[in-house]
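Please read the structure below before turning to the comments.
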Amino acid sequence: MQKIGIYGGTFNPVHLGHVSLAKRFLKALELDTVFLVPTATPPHKVRSDLAGGDERYEMCKLAVKGEKGLDVSDVELIRGGKSYTVDTLLEFHRRYPDSALYLITGADMFLTLEQWYRFGDITHLAVLCAAPRDEDSAEDLYRYADRLRAVYGARTAVVNFPLLPISSTLVRDRLRAGEPVDGLVPQAVKQYVYERGLYQ
Ligand code: ATP
Ligand code: MG
C-alpha cells in the first residue's frame, strides 16, 4: 500500500524548516511521497506585502526540486476560497483510493486540531503526524496525541525530530530589513524572492 504525506501550510515563503520536516517524516514513517499543499488565500485576505498563491506554489516547486519523495499539490489553490483540510484529504482519498494518508503538522497546528472543520472526519481519513517547533512542545504533543487517540480513536504519529527554529515570519522580517536569509530558505527560493522583489 502506498503511503502519502499531506503537508499543508501558507508557505509564505517556504523555508528550510518546512523542507526538513517533510524529509524527516518521509524517512521516519517510510512514506512514498510527501506533498506540500499551499493553502488558498481568500480574496479578503490578499495582502500586497505577501506573496500570492501562484508565487507560493512556484516557491514550493523550487524548494522540492531534486528532493526525492517530495512534491507539491495545487488542489487547494485550484479549489480556491477558504481551504479546509477535510476537503483536501477527501480529494487525495479520491485520487489515491488504496493509499494511507498522513497529515503532517508542526506543533502549533497540531495542538489546534480539535477545532478544525469536521475534525472527526479528518481522524478517519488520515494519521495525524506532528513534530515540535520549540524546546517545550514535545511533551505537550505526546499528551495531546494521547488525548486524540483516547477521545476520538485518532491514529497519531508524534516524532521528536531535531528542531529547526525557522518561521516564514522570521524570513519575511529579515527580507524587509534587508538582512540575508541564507541558511533559512533554499537557494532557489532566495533567488526567486529577490528577482520578484517579494516581501519588501
Ligand atoms: P508563519 O510564520 O507565516 O506562520 P510558518 O513558518 O509557521 O509561517 P506555515 O506555512 O504557517 O509556516 O506552516 C506550515 C506548517 O509547517 C505548520 O504545520 C507549521 O507548524 C509547520 N512548521 C513551520 N515551520 C516549522 C519548523 N521550523 N519546524 C517544524 N514545523 C514547522
Ligand atoms: Mg505558521
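The first residue in the sequence is number 1, and the count goes up from there. All ligand and atom numbering here is 1-based and tracks the order in the structure.
Aromatic rings from Y7 and F25 are positioned such that their centres are separated by 6.0 Å or more.
For the side-chain hydrogen bond (donor to acceptor under 3.5 Å, both in side chains) condition, the pairs that include at least one residue of residues 119-129, sequence neighbours left out, are R118-D121. Sorted by first then second residue, the side-chain hydrogen bond (donor to acceptor under 3.5 Å, both in side chains) pairs that include residues 91-102, not counting sequence neighbours, are E91-R94, E91-R95.
Distance alone, capped at 3.5 Å, places no donor-acceptor pair between the N160 side chain and the A138 backbone.
Between the side chains of Y192 and E55, no donor-acceptor pair is found at a separation under 3.5 Å.
Partners of S83 under the side-chain hydrogen bond (donor to acceptor under 3.5 Å, both in side chains) rule, at least two apart in sequence or in another chain, are E76.
The residues lining ligand 1, counting any heavy atom closer than 4.0 Å, are Y7, G8, G9, T10, F11, H15, G17, H18, L21, T105, G106, D108, M109, R133, L164, I166, S167, S168, T169, R172.
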